[in-house]
Amino acid sequence: MEITFRSYGPADLPWLTALWNDVLADGVAFPGEELYTEPDFAAFLSQQDAVNILLADGVPAGYYILHPNNIGRCGHVANASYLMDKRFRGQKLGRPLVGHSVETAKALGFRGMQFNAVVAGNRAALSIYQAAGFRMVGTIPGGFRLKGGEYSDMYILYLPLV
């Protein structure tokens, strides 16, 4: 399988929005609960430092967004979110997706990457992040409310880039 990356364009907006909303509706990984309209999601994407799509044999399979984790004196640490189309899950595409985001963060001058809310049950993501060199630096007991109303621990992960 040939894996390539490209920046998103306006024609990608329906797919990007639908994939994000699908993850939100699942209620097990992202903190948001309100689904996006395409215009609102376009505005959200315009605030990102990078939005890159992973193509598997030329077909969009997943994407990531990248931005500062915080503002001002903390703006040198990046944060990213990853989405994989369900049709492509389990095909070992998460590692190149995360790897590309790390290289993009470095190229943009970020000094580290931090994930604030990795849900404990998201074992596939945790495995990918740890293989990429991220270290678990904290646990927030019961910090994530799952769609069914149960509470799950969530982790804070960090990767130095310099």
Identify the heavy atoms of Leu66 and Ser101 that sit nearest to each other, and give their distance. CD2-O, 4.2 Å
Can a donor-acceptor pair be found, under 3.5 Å and without considering hydrogens, that links the side chain of Asn69 to the backbone of Ala78? no
Closest heavy-atom pair, Ala29 versus Asn122, reported as atoms and distance to 0.1 Å, is CB-ND2, 4.2 Å
Quick one, Leu161 and Leu159 - any side-chain contact, counting heavy atoms below 4.5 Å? yes
Residues in salt bridge (Lys or Arg N to Asp or Glu O under 4.0 Å) contact with Arg145, at least two apart in sequence or another chain: Glu33
Who passes side-chain hydrogen bond (donor to acceptor under 3.5 Å, both in side chains) against Glu150, sequence neighbours left out? none
Going by salt bridge (Lys or Arg N to Asp or Glu O under 4.0 Å), name the residues that satisfy it together with Asp49, two or more places apart in sequence or in a different chain. none
Dump the intermediate steps for side-chain contact (heavy atoms from CB on, under 4.5 Å) on Lys86 and Asp26, then the final yes or no. CA-CA 11 Å; Lys86 288 180 180 177; Asp26 285 345; 3.1 Å; yes
Students should find that the hydrophobic cluster of Tyr8, defined by side-chain heavy atoms under 4.5 Å apart, otherwise consists of Leu13, Trp15, Leu16, Leu19, Trp20, Val23, Leu24, Phe30, Leu35, Tyr36, Phe41, Phe44, Leu45, Val51, Ile53, Leu55, Tyr63, Ile65, Leu83
I need the minimum non-hydrogen distance between Met154 and Ala117, along with the two atoms involved. SD-CB, 3.5 Å
Is there a continuous path of hydrophobic side-chain contacts, each under 4.5 Å between heavy atoms, that joins Phe88 to Tyr64? yes
Can you find a pair of side-chain heavy atoms, one from Leu54 and one from Ile3, that are under 4.5 Å apart? yes
By ring pair (Phe, Tyr, Trp, His ring centres under 6.0 Å) - contacts of Phe5 (at least two apart): His100
With rounding to the nearest 0.5 angstrom, report the OH to CZ distance, Tyr151 to Phe144. 11.0 Å
Not counting sequence neighbours, which residues clear salt bridge (Lys or Arg N to Asp or Glu O under 4.0 Å) with Asp40? List them please. none
Specify the closest pair of heavy atoms between Cys74 and Asn70, including all atoms of both residues, with the distance to one decimal. CB-CB, 3.6 Å
Check for me, please, whether Val119 and Met136 land in the same ILVMFWY cluster - side-chain distances under 4.5 Å, paths through other members count. no
Side-chain touch Leu157/Leu126, heavy atoms, less than 4.5 angstrom: yes
Can you list everything that forms a side-chain hydrogen bond (donor to acceptor under 3.5 Å, both in side chains) with Arg6? Sequence neighbours excluded, please. Asp12
Nearest heavy-atom neighbours spanning Pro68 and Gly75: CB-O, 3.8 Å
Can you list everything that forms a side-chain hydrogen bond (donor to acceptor under 3.5 Å, both in side chains) with Gln48? Sequence neighbours excluded, please. His67
Consider only side-chain heavy atoms of I, L, V, M, F, W and Y, link residues closer than 4.5 Å, and tell whether Val59 and Met1 are in one cluster. yes
Run the side chain to side chain contact (heavy atoms under 4.5 Å, CB included) test against Ile128 and tell me which residues pass, sequence neighbours left out. Arg95, Val98
Looking at Ala56 and Leu93, what are the two nearest heavy atoms and their distance? CB-CD1, 4.2 Å
Would you say the side-chain atoms of Lys147 pair up with the backbone N or O of Val28, donor to acceptor, closer than 3.5 Å? no
Pairing residues for Glu38 by the salt bridge (Lys or Arg N to Asp or Glu O under 4.0 Å) criterion, not counting sequence neighbours: none
Taken in chain and number order and not counting sequence neighbours, the residues that satisfy side-chain hydrogen bond (donor to acceptor under 3.5 Å, both in side chains) with Asp153 are none
All N/O donor-acceptor pairs, side-chain side in residues 106-115, below 3.5 Å, sequence neighbours left out:
| unit_1 | atom_1 | unit_2 | atom_2 | d |
| --- | --- | --- | --- | --- |
| Gln114 | NE2 | Asn116 | OD1 | 2.7 |

